[in-house]
Amino acid sequence: MTPRKPPAVPGRKVRPGTEEPRPDAFDVERVRAEFPVLGRTVYGKPLVYLDSAATAQKPRAVIDALARFYLEDNANIHRGVHYLSERATTAYEGCRDQVRAFLGARETCEIVFTHGTTESINLVASAWGRQNLGPGDEVLITGLEHHSNIVPWQLVCEATGATLKVVPITDAGEVRLKDFEQGLTARTRLVAVSHMSNALGTINPVREMTALAHARGVPILVDGAQAVAHLPVDVAALGCDFYAFSAHKIYGPTGIGVLYGRRDRLEAMSPYQGGGDMIESVTFARTTYAPLPGKFEAGTPNISGAIGLGEALRFVARIGLEAIARHEAELLEYATREVAAIDGVRLVGTAPHKAGILSFVLAGVHPHDIGTILDLEGVAIRVGHHCAQPIMDRFGLAATARASFAVYNTREDVDALVRAIHKVKEVFK
Ligand code: 7TS
């Protein structure tokens with residue numbers, strides 16, 4: 001593909017003969033032109049990147065923002081009185097407010113920067129869990145979780161004597177609300193659920209789950225690692241107590257993520273880590289902590305990462321999550337039809353409400369062999385258990401092949417995937 005000249009408003013088509021953008025139009029080629037890596041080849045073949053659930057590619061605006069920070073403004077934040085430190089602090093805190101707006105949170109102090117979803121969940125498991133869990137208490141998760149939303153709860157349950165309970169999933173890979181409701185008992189102290197499954201693509205009814213949990217006075221954490229890049233999220237409308245995501249899955253850099261926490265919840269929690277920047281005053285006798293969100297951000301944070309995340313959110317806002325969701329839904333529908341039609345393919349995860357992810361197995365071929373042959377065709381997918389081994393166990397599989405879609409993918413990418421799967425079949429005939 002030859003990248004075209006960047007348009008005035010990337011992602012929007014202009015009607016022939018007018019300068020009026022059509023807000024409903026979405027031009028994937030113009031979006032692709034913003035992602036330098038998509039222009040490269042692998043093994044002499046054009047790259048077909050279908051692994052965005054692992055990490056999304058980055059638009060030039062994000063890459064440039066990172067470089068600009070280090071080229072022009074690099075300094076530590078919150079502690080210097082000098083020009084660069086003030087610029088870096090303003091930029092970092094500005095990104096926090098962008099995240100607040102992106103998530104629909106009420107207050108900027110409810111946004112805590114972390115290393116990513118994994119750290120966000122560990123923060124809550126550790127800081128909230130140690131304070132609030134004891135023997136006989138239950139933490140409720142679902143059978144659809146990534147290891148990041150399982151292991152931190154196992155650790156805190158082990159430390160406190162609480163029990164981890166799991167809501168089962170159906171053959172389609174869904175959590176039924178009535179099963180979820182049954183999982184809530186008088187002993188449930190916290191619910192932790194994924195908004196969207198990374199292994200199957202299923203979208204959980206988190207708003208209804210929140211209402212059910214809250215009706216029993218139980219707080220809920222939502223793992224939004226996959227969801228944020230694919231559907232509009234509004235934490236105030238969801239009503240959840242905590243929401244976690246990673247920048248790198250929404251076109252931002254690695255090493256930075258977010259924990260949204262309702263102010264009263266965060267205020268009641270003790271710090272997760274101690275160190276610089278999270279204190280108000282320190283003596284050897286006693287330390288008092290900084291107000292939110294500083295209390296949870298010990299040490300020098302990922303300053304450039306926050307700035308990159310801010311730029312990524314601007315990129316997403318420019319196109320609009322509704323338009324992104326529409327484009328990806330069409331693509332998923334096409335891919336589902338085309339891949340399911342291949343003799344020997346079985347789709348894993350067939351919930352009616354899903355996004356961006358197509359997991360499958362091919363009769364007689366190990367997923368790792370699928371991945372290797374696809375790779376030689378330039379098609380990048382993920383194979384394995386996807387850090388969700390209990391889901392694989394549920395379906396009696398060790399692994400699946402997983403194609404995942406993002407704003408820059410096309411029907412041609414799907415066609416390349418299908419051609420490459422046929423190649424696998426030829427090799428294993
Ligand atoms: N939760 C879900 C639902 C995820 O998909 C992931 C990462 C995480 C938590 C952890 O996010 P991190 O940024 O802290 O690592 N999922 C994947 C994946 O599907 N392939 O690679 C990483």
Side-chain angles (χ1 to χ4, degrees), residues 49-58 99 112-126 141-155 166-167 169 173-175 191-204 206 209 220-231 233 240 242-260 272 302 305-306 308-309 312 328 348-349 351 353-360 367-368 371 380-392 394 399-406:
Y49 190 74
L50 295 175
D51 195 21
S52 299
T55 198
Q57 296 299 348
K58 319 304 171 198
V99 174
V112 177
F113 284 125
T114 64
H115 296 145
T117 309
T118 302
E119 191 186 32
S120 298
I121 297 172
N122 275 281
L123 191 164
V124 177
S126 190
I141 62 172
T142 80
L144 271 185
E145 306 307 321
H146 184 278
H147 296 166
S148 291
N149 202 27
I150 302 172
V151 185
W153 303 114
Q154 288 175 326
L155 288 169
V166 184
V167 185
I169 58 174
E174 280 182 295
V175 178
V191 169
V193 294
S194 57
H195 198 166
M196 175 178 156
S197 157
N198 72 310
L200 307 181
T202 313
I203 296 169
N204 266 329
V206 286
M209 288 170 160
I220 180 166
L221 174 142
V222 180
D223 169 359
Q226 291 297 334
V228 283
H230 303 290
L231 43 131
V233 172
C240 59
F242 301 103
Y243 196 96
F245 76 92
S246 304
H248 71 97
K249 297 202 199 275
I250 184 163
Y251 313 109
T254 51
I256 180 128
V258 168
L259 173 69
Y260 156 80
Y272 167 56
N302 186 347
L309 169 58
E328 291 174 352
V348 184
H353 199 200
K354 56 180 279 190
I357 279 166
L358 195 66
S359 248
F360 62 94
H368 281 95
I381 62 162
R382 183 169 174 191
V383 294
H385 55 59
H386 315 296
C387 302
Q389 276 183 338
I391 299 182
M392 300 297 117
R394 168 65 179 78
T400 71
R402 178 190 74 180
S404 54
F405 303 100

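Counting starts at 1 for both ligands and their atoms, in listed order.
- Across the listed options D223, I150, I121, D223 owns the non-hydrogen atom lying nearest to atom 1 (N) of ligand 1.
- The protein heavy atom nearest to atom 17 (C) of ligand 1 is K249 NZ, 3.0 Å.
- Every heavy atom of E145 sits 4.0 Å or more from the atoms of ligand 1.
- When only non-hydrogen protein atoms are considered, atom 5 (O) of ligand 1 lies nearest to Q226 NE2, 2.8 Å.
- Atom 15 (O) of ligand 1 has its nearest heavy-atom neighbour, among N198, T117, T118, L144, in T118.
- Remark: distances from the non-hydrogen atoms of H147 to ligand 1 are all 4.0 Å or more.
- Atom 4 (C) of ligand 1 has as its closest protein heavy atom H146 CD2, 3.4 Å.
- Set against the non-hydrogen atoms of S246, the atoms of ligand 1 under 4.0 Å away are 11 (O), 12 (P), 13 (O), 14 (O).
- Note: no N/O pair closer than 3.5 Å links S194 and ligand 1 by distance alone.
- Residue contact annotation: H386 has no non-hydrogen atom under 4.0 Å from ligand 1.
- Counting heavy atoms from C-beta on, the side chains of C240 and V206 never come closer than 4.5 Å.
- H386 and T400 form a side-chain donor-acceptor contact under 3.5 Å, judged by distance and modelled atom types alone.
- Expressed to the nearest 0.5 Å, how far SG of C387 lies from CD1 of I150 amounts to 10.0 Å.
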Using atom types as modelled, flag every donor-acceptor pair under 3.5 Å from a side chain in residues 221-228 to any protein atom, sequence neighbours excluded.
from	atom 1	to	atom 2	distance (Å)
D223	OD1	A225	N	3.0
Q226	NE2	A53	O	3.0

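- The side-chain heavy atoms of D51 and R402, taken from C-beta on, include a pair separated by under 4.5 Å.
- Residues S246 and T117 have side chains that bring a donor and an acceptor to within less than 3.5 angstrom of each other.
- Regarding atom 19 (O) of ligand 1, its nearest protein heavy-atom neighbour is R402 NH1, 2.7 Å.
- Contact annotation for H248 and ligand 1: only side-chain heavy atoms (C-beta onward) come within less than 4.0 Å of the ligand.
- Looking at K58, its side chain does come within 3.5 Å of a backbone N or O of G252 through a donor-acceptor pair.
- The protein heavy-atom contact nearest to atom 21 (O) of ligand 1 is R382 NH1, 2.9 Å.
- Which of S120, A54, S148 comes nearest to atom 10 (C) of ligand 1 through a heavy atom is settled by distance: it is S148.
- By the side-chain contact (heavy atoms from CB on, under 4.5 Å) test, V151 pairs with H147, Q154, L155, sequence neighbours left out.
- Using a 4.5 Å heavy-atom threshold, the side chains of F245 and V99 count as touching.
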